Amino acid sequence: MKCPSRLPSRHPRLACIVTLATATLLGAASAADMPKRKPGLWEVNAQMAGVPSAGPMQQCIDQTTDDLMQQRASAQKQNCSVIEIKPQGNRVSVHSVCKVQNSTATTDAVFVGAFDSAYKGDMLTRFNPPLNGMSESKVNIDARWLGPCKPGQKPGDVVMPNVGGMNINEMMKDPRVQEMMKRQK
């Protein structure tokens, strides 16, 4: 995965690294491997160690949207040599080794909670050689279900602090985004 040169954020590096780490992790997991999230409005706060918080984002999802996001991420499996996902009660452990740009990203993550109401996760990704000068990233994720999506929201809508809203489903149909994703491999 390659970071776009312009990200609409006060903390573009955080947005890029969180995206890289999440894509690496999700790329290691197929829709059948990870618990399903409950449809509705989710608040997700991703905090990277050493970087000021950008604040929580909100995602409106339905089962189709959540499945589609995981399927798109699963397409990255071809870049992974190791994928280990171990569900145990309300805990899911993940270990993956994937190619990201010209680096090898080794991710170890643990998610705890109920994916129909709230969960927390800790991800440690080590990059060898360092990716854009970064040898590792630590990301904590705190997610909770808020209830039904707000009036006017549709599945795929994401609202990020200081950035605004977008629809992931529509964004993925954009030929420019599709081209960028092809070049990331």
Side-chain angles (χ1 to χ4, degrees), residues 1 7-74 76 83-96 98 105 107-125 137-169 171-172:
M1 173 173 257
L7 288 170
S9 172
R10 288 187 315 172
H11 307 288
R13 190 161 186 80
L14 171 64
C16 184
I17 297 303
V18 168
T19 300
L20 284 170
T22 302
T24 300
L25 172 67
L26 291 177
S30 72
D33 295 327
M34 295 295 285
K36 302 285 187 195
R37 292 187 297 171
K38 182 177 183 175
L41 187 61
W42 281 84
E43 180 178 83
V44 180
N45 194 2
Q47 174 63 50
M48 186 173 142
V51 178
S53 175
M57 70 174 191
Q58 292 187 349
Q59 295 178 287
C60 175
I61 67 160
D62 64 359
Q63 201 58 64
T64 302
T65 300
D66 215 26
D67 288 346
L68 187 60
M69 297 282 291
Q70 287 190 17
Q71 288 168 8
R72 286 182 181 141
S74 291
Q76 296 297 318
I83 300 169
E84 297 172 356
I85 299 167
K86 298 178 183 173
Q88 188 174 25
N90 71 340
R91 177 185 174 103
V92 178
S93 299
V94 178
H95 173 74
S96 67
C98 303
T107 300
D108 289 293
V110 175
F111 294 92
V112 178
F115 282 75
D116 63 351
S117 59
Y119 61 91
K120 293 181 183 236
D122 293 311
M123 294 182 358
L124 171 63
T125 303
S137 71
K138 295 178 184 178
V139 178
N140 297 8
I141 296 172
D142 191 357
R144 64 187 179 112
W145 187 76
L146 300 177
C149 295
K150 294 177 182 175
Q153 283 186 320
K154 60 185 179 215
D157 282 352
V158 176
V159 178
M160 297 187 301
N162 303 312
V163 176
M166 70 182 96
N167 186 285
I168 297 294
N169 297 337
M171 186 177 80
M172 295 306 288

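Note that the structure is predicted; figures quoted are calculated from it, not measured. Residues take their numbers from the sequence shown, with the count starting at 1.
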- Query: How far apart are the closest heavy atoms of Pro56 and Asn45, and which atoms are they?
  - Reply: N-OD1, 3.9 Å

- Shortest non-hydrogen separation from Asp62 to Pro39 and the atoms involved: CA-CB, 3.9 Å

Kindly compute the distance separating [atom1] ([X]) from [atom2] ([Y]), expressed to the nearest 0.5 Å.
| X | Y | atom1 | atom2 | value |
| --- | --- | --- | --- | --- |
| Ile61 | Leu41 | CD1 | CG | 9.5 Å |
| Asp108 | Ser96 | CG | OG | 7.5 Å |
| Lys86 | Glu84 | NZ | CD | 5.0 Å |
| Leu146 | Gln59 | CG | CD | 10.5 Å |
| Thr125 | Lys138 | OG1 | NZ | 11.5 Å |

- Task: Could you please spell out the steps behind the side-chain contact (heavy atoms from CB on, under 4.5 Å) verdict for Val94 and Thr107?
- Result: CA-CA 8 Å; Val94 178; Thr107 300; 5.8 Å; no

- Query: What residue pairs, at least two apart or across chains, pass salt bridge (Lys or Arg N to Asp or Glu O under 4.0 Å) with a residue in residues 115-125?
  - Reply: Lys120-Asp142

- Do Gln63 and Arg37 get their side chains close enough for a donor-acceptor pair, meaning under 3.5 Å? no

- Is there a side-chain contact (heavy atoms from CB on, under 4.5 Å) between Val92 and Ile85 once you walk through the steps? CA-CA 7 Å; Val92 178; Ile85 299 167; 3.9 Å; yes

- Phe115 ring center near Trp42 ring center (under 6.0 Å): no

Sequence neighbours excluded and cut-off under 3.5 Å, please list the side-chain donor-acceptor pairs for residues 147-154, or say none.
| residue | atom | partner | partner atom | Å |
| --- | --- | --- | --- | --- |
| Lys150 | NZ | Gln58 | OE1 | 3.4 |
| Gln153 | OE1 | Lys150 | N | 2.8 |
| Lys154 | NZ | Glu170 | OE2 | 2.8 |

- Does some side-chain heavy atom of Val159 sit less than 4.5 Å from a side-chain heavy atom of Met57? no

- Query: Under a 4.5 Å cut-off applied to non-hydrogen side-chain atoms, are Ile141 and Met123 in contact?
  - Reply: yes

